[in-house]
Amino acid sequence: MPANLPPPYFRAEERFRQAKTPEDKITALREMFAIMPKHKGTDHLQADIKRRIAQLTREAQQKPHIGRADSKDHVDREGAGQVALVGAPNSGKSSIVAAVTHAHAKVADFPFSTFDAMPGMMPFEDIQIQLIDLPPLSETYTPSWVYNIIRTTDLIMLTVDLSVEAPEEQILTLMGFLEEAHISLTGEDVKEDFDASVLTKKALFVGTKSDADGAGDRYSELNELYGEEFRIVPVSVRSGTNVEGMKRAIFDGLNVVRIYTKMPRKKPDMALPYVLPRGSTVLDVAQAIHRDFVGRLKYARIWGSEKYQGQQVQRDHVVADGDVIEVHM
Ligand SMILES: Nc1nc2c(ncn2[C@@H]2O[C@H](COP(=O)(O)OP(=O)(O)OP(=O)(O)O)[C@@H](O)[C@H]2O)c(=O)[nH]1
Ligand SMILES: [Mg+2]
């Protein structure tokens, strides 16, 4: 069966050929996929595009240095995870970054005050999490590189301004802009992104300016509408209310565990945990310590998560946040 591809497909394909960065290539490929008719004649092409998207996504996420912090398309990943602040103009994004990191995010009492991506490191207990302040999403203003950062970041922090009426409309508007960029939000962890035409990203909702008049009612309203699907945390950086709760929610949202290691007969190194995706095993920990450890690992001993006090566990044992692991070769 002939593929019968429409002209917009070839225009997207041309953009793919011209694209210089993996992010731009992925965007073009997703457009090609969205445009192409889905039938037997395009089965092969569909699979090919999905494969190329998956490969480019892996490349984009694995590259430790995908640009300088001041280059607009990417922000170097640092720390235990990367979180991008996404929201309407004036919704309090820069205020959060300025409050919890050392970055000098520009706060202003008028909309459209942020033009650049501004990364900052947020200390959380014994680790650092990277926040990225971004320009707001809007019809006329948002440059396409903002969406590139959103596509590759680990977690989206969607700011909803609780000081203004109709917070649910803010959410619908933001989701509309994201949809145009073929991005959809979920409160769950994204296991495998099967649908190549839409990229699903995990999001945490933050209700900002909770000190404002009427903010409590708007927060309850939001919870009723979106509370089942998303975690929603209220915060006021002005009064400092629930800033710690927000940090905890960001850490939870990244879905990682901190693992401490020790040598036999030595005290554990509690200063610098290894940070791994939740669900990682003893073998993954060994691999994080050193690539060569994988083949040589015999067993491990584990402390922590209440029930373990030095018990011997096998390599496929799933580790929990705060566990101490002693690796035996
Ligand atoms: N009452 C109150 N006002 C806040 C709070 N956080 C931020 N604001 C105010 O909200 C306004 C906008 O804050 P920004 O942090 O610049 O907002 P933004 O989302 O970065 O804005 P753009 O970059 O223009 O999209 C400023 O006047 C802040 O002082 C808060 O917790 N409570
Ligand atoms: Mg700002």
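Atoms within each ligand, like the ligands themselves, are counted from 1 in listed order. Keep in mind that what you see is a predicted model, and the values were worked out from it rather than measured. Side chains included, hydrogens not; waters and symmetry mates left out as well; all remaining heavy atoms used.
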- Of the listed options Arg238, Lys106, Lys209, closest to atom 10 (O) of ligand 1 (non-hydrogen atoms): Lys209

- Item | Proximity of Ser95 to ligand 1 by residue part, where a heavy atom lies under 4.0 Å | both

- Task: Tell me which part of Ala108 gets within contact of ligand 1: side chain, backbone, both or neither, using heavy atoms under 4.0 Å.
- Result: backbone

Which protein non-hydrogen atom lies closest to [atom], naming both residue and atom, and how far is it?
| atom | result |
| --- | --- |
| atom 21 (O) of ligand 1 | Asn90 N, 3.1 Å |
| atom 25 (O) of ligand 1 | Lys93 NZ, 2.9 Å |
| atom 32 (N) of ligand 1 | Asp211 OD1, 2.7 Å |
| atom 23 (O) of ligand 1 | Thr114 OG1, 2.7 Å |
| atom 31 (O) of ligand 1 | Val237 N, 3.0 Å |
| atom 17 (O) of ligand 1 | Gly92 N, 3.1 Å |

Considering only heavy atoms of [X], which atoms of ligand 1 have at least one such atom less than 4.0 Å away?
| X | value |
| --- | --- |
| Pro89 | 25 (O) |
| Ser236 | 31 (O) |
| Asp109 | 26 (C), 27 (O) |
| Pro111 | 24 (O) |
| Phe112 | 24 (O) |
| Ser113 | 16 (O), 21 (O), 22 (P), 23 (O), 24 (O) |

- Confirm or rule out an N/O/S atom of Asn90, from backbone or side chain, lying less than 2.8 Å from the Mg ion (ligand 2). no

- Hey, is there an N, O or S on Thr114 sitting under 2.8 Å from the Mg ion (ligand 2)? yes

Using a strict 4.0 Å threshold on nitrogen-to-oxygen distance, state whether [X] and [Y] make a salt bridge.
| X | Y | value |
| --- | --- | --- |
| Arg248 | Glu244 | no |
| Arg218 | Glu221 | no |
| Arg238 | Asp211 | no |
| Arg77 | Asp154 | yes |
| Asp252 | Arg231 | yes |
| Lys202 | Glu188 | no |

- Message: Measuring from non-hydrogen atoms of Ser163 to any atom of ligand 1, is the shortest distance under 4.0 Å?
- Response: no

- Task: Report yes or no: does Gly87 have a heavy atom closer than 4.0 Å to ligand 1?
- Result: no

- Task: Flag the pair Gln130 / Thr153 as yes when at least one side-chain heavy-atom distance between them is below 4.5 Å, and no otherwise.
- Result: no

- Task: Give yes if a backbone or side-chain nitrogen or oxygen of Ser210 is under 3.5 Å from a nitrogen or oxygen of ligand 1, and no if not.
- Result: no

- Query: Is it the case that His44 and Gln46 place a side-chain donor and acceptor less than 3.5 Å from each other?
  - Reply: no

- Message: With a 3.5 Å distance limit and no angle check, can you tell me whether Asp116 reaches the backbone of Met118 through a side-chain donor-acceptor pair?
- Response: no

- Message: Looking at His104, I want to see if its NE2 is surrounded by more than 12 non-hydrogen atoms of other residues, nucleotides or ligands under 6.0 Å.
- Response: no

- Enclosure of Met329 CE (heavy-atom neighbours >12, cutoff 6.0 Å): yes

- Task: Measure from NZ or CZ of Arg52 to the centre of the six-membered ring of Phe33 and say whether it is under 6.0 Å with the direction within 45° of the ring axis.
- Result: no

